[in-house]
Number of protein chains: 2
Amino acid sequence: MMSDDQLENREVDYDQFESGDGELGKAERIVEEVGNEIREGKLKEGGRLPSERELAEMFRVSRMTARNALQTLLSGGLIASYPGRGYFVVGDHERLQERHGELLYPDSDMPPVKAEELIKAGSFYEYMMRLGRNPEDVFLETPALVAANEEVTEHLELSTRELVLKRYRLQLADKKPYRLIESYYPSDLFGELLTTKLDKKPLFLWLQERHGLTAAHVNEILIARPANIYERGQLRISPGAHVMAIERTVSAHTGRIIEWARITASAALYTFMYEYDINIWK
Amino acid sequence: MMSDDQLENREVDYDQFESGDGELGKAERIVEEVGNEIREGKLKEGGRLPSERELAEMFRVSRMTARNALQTLLSGGLIASYPGRGYFVVGDHERLQERHGELLYPDSDMPPVKAEELIKAGSFYEYMMRLGRNPEDVFLETPALVAANEEVTEHLELSTRELVLKRYRLQLADKKPYRLIESYYPSDLFGELLTTKLDKKPLFLWLQERHGLTAAHVNEILIARPANIYERGQLRISPGAHVMAIERTVSAHTGRIIEWARITASAALYTFMYEYDINIWK
DNA sequence: GAGTGGTCTAGACCACTAT
DNA sequence: TAGTGGTCTAGACCACTCC
């Protein structure tokens with residue numbers, strides 16, 4: 001259908017948006033204006049914004065229009081809302097930087113935490129501690145052996161529906177939720193953990209000492225999508241805000257899969273970095 | 001209304017959402033119901049949904065409430081809206097799967113396209129052709145040599161503000177925009193491309209033959225954020241919809257950086273896969 | 001011309017927070 | 001008790017599409 005003259009730079013169809021000389025809607029104007037004030041630091045981190053009703057009056061619009069603008073800023077993670085209190089500026093430092101599963105520090109003079117994302121009370125805990133924040137690891141369910149459902153059976157490559165160790169937890173820093181982690185482990189390897197005290201020994205380091213299995217390889221599948229109502233509740237984010245949904249599979253040097261996890265993180269709080277080699281030349 | 005006697009399972013801050021026996025808002029109920037009909041296939045791909053006004057009548061709510069529900073589905077990419085026409089179901093097959101920069105086919109009997117993302121009219125073109133769709137590569141600006149700004153100078157690791165080859169294009173399939181790509185290349189290596197016809201020879205294959213430089217390594221930084229008004233216009237997505245913003249640096253086997261690109265893709269249309277090794281054990 | 005989504009208005013009631 | 005965000009209502013006008 002009409003793909004003939006796709007050379008050169010296009011005809012119409014796409015410019016109706018930026019066309020009319022800054023002819024933004026009223027809500028968009030508020031987004032630009034308030035957003036710029038935040039980015040320029042005129043509204044400082046943690047500071048409170050005018051209420052919806054005040055903003056409506058300031059810009060001479062209805063409350064719903066002011067509210068729409070705030071929702072736009074909200075879904076971008078630039079601000080946060082608290083019912084009964086107001087809207088507040090979110091600090092840029094709150095965004096996590098993750099590279100190959102390792103959390104990175106904003107100041108490079110700090111040594112990066114190693115891939116202890118993969119451990120009990122993992123790198124998230126240490127990362128936040130080093131940043132002077134107060135991390136928490138809240139188990140939403142008590143770790144337990146459960147029957148693997150079809151999905152878990154498949155991802156852990158189990159032969160039949162065996163028992164697996166399930167952990168389901170929420171990680172927070174300074175009471176602010178960062179991510180939900182639902183993880184599964186083969187029970188023959190990890191089952192005894194239910195009655196073992198690890199303290200802060202890395203989970204996979206324990207695995208290596210106890211069973212001679214070395215965690216070696218990670219596979220991640222990553223999409224961004226709007227949070228559902230349950231995730232919004234747990235992560236304390238607003239309708240329209242997005243999450244990064246990650247499925248992570250960890251295998252040992254033998255090839256055996258030793259963990260499958262579903263991680264759901266506030267998209268506004270995350271940056272990912274990946275490196276890889278190109279190998280089409282061989 | 002009548003929400004007085006919901007003091008069932010109050011307490012602790014986090015359960016106010018999933019608590020009360022399907023006590024969702026009216027908009028949320030519409031999201032669930034319509035969303036399920038789509039996922040169950042009762043509303044088939046490409047099919048048209050009831051209009052906002054019809055939906056409002058069906059669910060006995062105001063138009064704004066019905067509209068809010070549709071916006072929620074919209075921002076998740078489950079449906080798409082076209083002013084003057086209506087809302088339509090988006091096919092699941094339209095989501096791209098990318099792994100280490102390579103696009104993957106949903107049916108595994110199709111061989112994956114190699115990392116020709118990195119080439120002229122690259123893998124996107126071939127990928128979509130194989131899927132029987134109609135790809136386009138629209139240059140929003142004519143490729144040209146431009147003075148590198150500070151950002152480009154830094155990322156390409158240029159010593160001074162040199163000239164660089166800039167390409168800025170939009171990739172579409174069946175008229176549907178998938179991603180914006182703004183890419184920069186050192187002019188001493190790529191400048192002659194302005195007067196050279198590559199046809200479909202991969203850009204980096206040409207580089208290897210012409211200059212003996214092999215593209216070897218890729219670094220990607222990836223975040224999800226709401227599309228700004230310009231991106232919404234170009235990518236034809238709605239307010240609240242998110243994009244995956246990717247900064248990609250490609251270096252040659254010598255370590256020299258040969259491309260820096262900023263890729264902005266509809267988040268609803270993308271799945272990413274990454275693999276990497278864990279190396280904390282050495 | 002009829003119907004559509006996009007935007008906006010001026011109200012309203014609710015549960016919640018702070019004091 | 002006063003103020004806040006969350007939700008909803010019943011209108012309205014606009015630019016656009018389809019016929």
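Throughout, a chain's letter reflects where its sequence line sits, starting with A, and its residues are numbered from 1.
- Checking Arg67(B) against Arg48(B), the closest nucleotide of DNA chain C that is more toward the 5' end is the one next to Arg48(B).
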(message) side-chain contact (heavy atoms from CB on, under 4.5 Å) for Val152(B) and Val146(B)? Distances and angles first, verdict last.
(response) CA-CA 11 Å; Val152(B) 172; Val146(B) 301; over 6 Å; no
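- Side chain of Ser266(B) to main chain of Leu269(B): no donor-acceptor pair is present (N/O by atom type, distance under 3.5 Å, no hydrogens or angles).
- The separation between Glu28(B) atom CD and dT7(D) atom C1' is 11 Å, rounded to whole Å.
- With hydrogens and angles ignored, the 3.5 Å screen pairs no side-chain donor or acceptor of Arg167(B) with any backbone N or O of Phe139(B).
- Atom CZ of Arg29(A) is separated from atom C1' of dG6(C) by 19 Å (rounded to the nearest Å).
- With rounding to whole Å, Leu74(B) atom CG is found 17 Å from dT4(C) atom P.
- Ion pairing between Arg232(A) and Glu28(B) holds under the 4.0 Å rule for side-chain N and carboxylate O.
- In this model, a donor atom of one side chain and an acceptor atom of the other lie less than 3.5 Å apart for Arg179(B) and Tyr270(B).
- For the salt bridge (charged side-chain N to carboxylate O under 4.0 Å, His left out) test, residues two or more places apart in sequence or in another chain that qualify with Glu182(A) are Arg262(A).
- In the set dA12(C), dC8(D), dT9(D), the nucleotide with an atom closest to the side chain of Met64(B) is dT9(D).
- When heavy atoms are screened at a 4.0 angstrom cut-off, Gln71(B) is found touching the sugar-phosphate backbone but no base atom.
- An OP1 or OP2 oxygen of dG6(D) is reached within less than 4.0 angstrom by a side-chain nitrogen or oxygen of Tyr87(A).
- The nearest whole Å value for the distance from the CZ atom in Arg63(B) to the C1' atom in dT7(D) is 18 Å.
- For the pair Leu70(B) CG and dG5(C) C1', the computed distance is 10 Å after rounding to whole Å.
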If you restrict it to nitrogen or oxygen atoms, what contacts under 3.5 Å exist between nucleotides 17-19 of chain D and the protein, and what is each distance?
residue	atom	partner	partner atom	Å
dC18(D)	OP1	Arg85(B)	NE	3.4

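- Gly46(A) approaches Phe88(A) most closely through the heavy-atom pair O-CD2, 3.5 Å.
- The CZ atom of Arg232(A) sits 18 Å away from the P atom of dG5(D) (whole-angstrom rounding).
- At a non-hydrogen distance threshold of 4.0 Å, Ser51(B), Glu52(B), Arg53(B), Glu54(B) from residues 49-61 of chain B come into contact with DNA chain C.
- The pair Glu231(A)-Arg225(A) counts as a salt bridge, with a side-chain nitrogen and a carboxylate oxygen less than 4.0 angstrom apart.
- Taking 4.0 angstrom as the limit, Ser81(B) places a side-chain polar atom (N or O) nearer than this to OP1 or OP2 of dG6(C).
- dG6(C) atom P lies 19 Å from atom NZ of Lys26(A), rounded to whole Å.
- Residue Thr65(B) places at least one side-chain N or O closer than 4.0 Å to OP1 or OP2 of dT9(D).
- The existence of a salt bridge linking Arg53(B) and Glu57(B) is excluded, since no basic side-chain nitrogen approaches an acidic carboxylate oxygen closer than 4.0 Å.
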